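For reference, the structure discussed in these notes is given below.
Everything numeric in this text was worked out from a predicted model, so none of it was measured. One-based numbering, in listed order, for ligands and for the atoms of each.
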Amino acid sequence: VAGAATFEPLVDLKGEIMNMAKISDSGKKQRKNWSSVWTVLTSDQLMFYKDKQETGLKPGGKADVLQLCGAFIEWNTEKSSRKNVFQIKTSTGSEYLVQTDSYSTASKWYDAIKKTVDSSTKE
Ligand code: I3P
């Protein structure tokens, strides 16, 4: 059954590769540097892992961990020449661009992250 109405918001999404560039760290601008990361979504965090093997482990030093409570996500067509780019700003002022060439993959992650932001921010 397809369609947004049947989408389950708090399902964990795991182990897909996307491209990520951290462009701000706690409000401090960073030089854009895209890298491929394994991306994992839980009920309140988004994790970017450099190695696939790490994705089964608890979050730690080897992942970028974003707290989604109070975060903000939007599609962005200005900060990159790439397609299907969305931006996540965390409540602590860090900013990430996330991108993949597959629109269906990008929009699936965008929708899931947005729902997780909304539900974890309400709590
Ligand atoms: C950047 C690199 C990025 C590109 C960025 C360049 O150059 O090519 O891939 O961003 O464009 O500055 P460098 O490796 O020398 O830092 P996109 O791929 O997102 O377009 P930008 O300066 O317009 O952000």
Side-chain angles (χ1 to χ4, degrees):
V1 184
T6 60
F7 185 78
E8 183 63 47
L10 296 180
V11 149
D12 287 1
L13 284 177
K14 282 191 178 152
E16 262 182 300
I17 290 190
M18 292 197 283
N19 301 308
M20 181 274 280
K22 187 175 187 177
I23 56 170
S24 176
D25 183 36
S26 304
K28 187 163 177 268
K29 194 171 188 284
Q30 306 284 295
R31 181 168 170 271
K32 193 201 280 173
N33 185 17
W34 288 102
S35 58
S36 292
V37 287
W38 290 87
T39 309
V40 175
L41 178 66
T42 70
S43 61
D44 61 354
Q45 292 178 331
L46 185 66
M47 274 98 69
F48 297 122
Y49 293 89
K50 294 246 187 303
D51 295 317
K52 185 183 185 183
Q53 288 89 330
E54 297 292 335
T55 57
L57 304 177
K58 291 200 162 194
K62 289 183 178 163
D64 258 319
V65 181
L66 284 66
Q67 303 298 335
L68 293 178
C69 176
F72 180 70
I73 180 171
E74 63 180 352
W75 292 103
N76 189 295
T77 55
E78 278 153 25
K79 294 186 178 175
S80 173
S81 60
R82 299 181 178 212
K83 60 182 181 181
N84 311 321
V85 176
F86 57 84
Q87 176 171 16
I88 303 167
K89 296 185 196 182
T90 68
S91 63
T92 55
S94 292
E95 300 182 22
Y96 298 80
L97 300 179
V98 181
Q99 183 270 343
T100 181
D101 283 349
S102 159
Y103 175 71
S104 64
T105 300
S107 60
K108 178 181 73 181
W109 281 88
Y110 176 91
D111 290 347
I113 294 166
K114 180 149 180 49
K115 286 179 183 187
T116 304
V117 165
D118 290 346
S119 66
S120 61
T121 301
K122 248 180 272 159
E123 278 163 16

Legend entry - Protein non-hydrogen atom below 4.0 angstrom of atom 8 (O) of ligand 1 present: no
Legend entry - I17 versus S36, closest heavy-atom pair with distance: CG2-CB, 4.1 Å
Legend entry - K50 atom NZ, over 12 foreign heavy atoms within 6.0 Å: no
Legend entry - Side-chain H-bond candidate by donor/acceptor type, T90 with T92, under 3.5 Å: yes
Inset, instruction - Would you verify that at least one protein heavy atom lies under 4.0 Å from atom 19 (O) of ligand 1, or report that none does? - result: yes
Legend entry - Heavy-atom pair of closest approach, residues L41 and A112: CD2-CB, 3.6 Å
Inset, instruction - Looking only at protein heavy atoms, identify the closest one to atom 5 (C) of ligand 1 and say how far it is in Å. - result: K32 NZ, 3.9 Å
Inset, instruction - Please check atom 24 (O) of ligand 1 for a protein heavy-atom neighbour under 4.0 Å. - result: yes
Inset, instruction - For a side chain to side chain donor-acceptor pair (under 3.5 Å) with D25, tell me which candidate from K29, K22, K28 qualifies. - result: K22
Inset, instruction - Heavy-atom contacts with R31 under 4.0 Å: which atoms of ligand 1 show up? List them by number with element. - result: 13 (P), 14 (O), 15 (O), 16 (O)
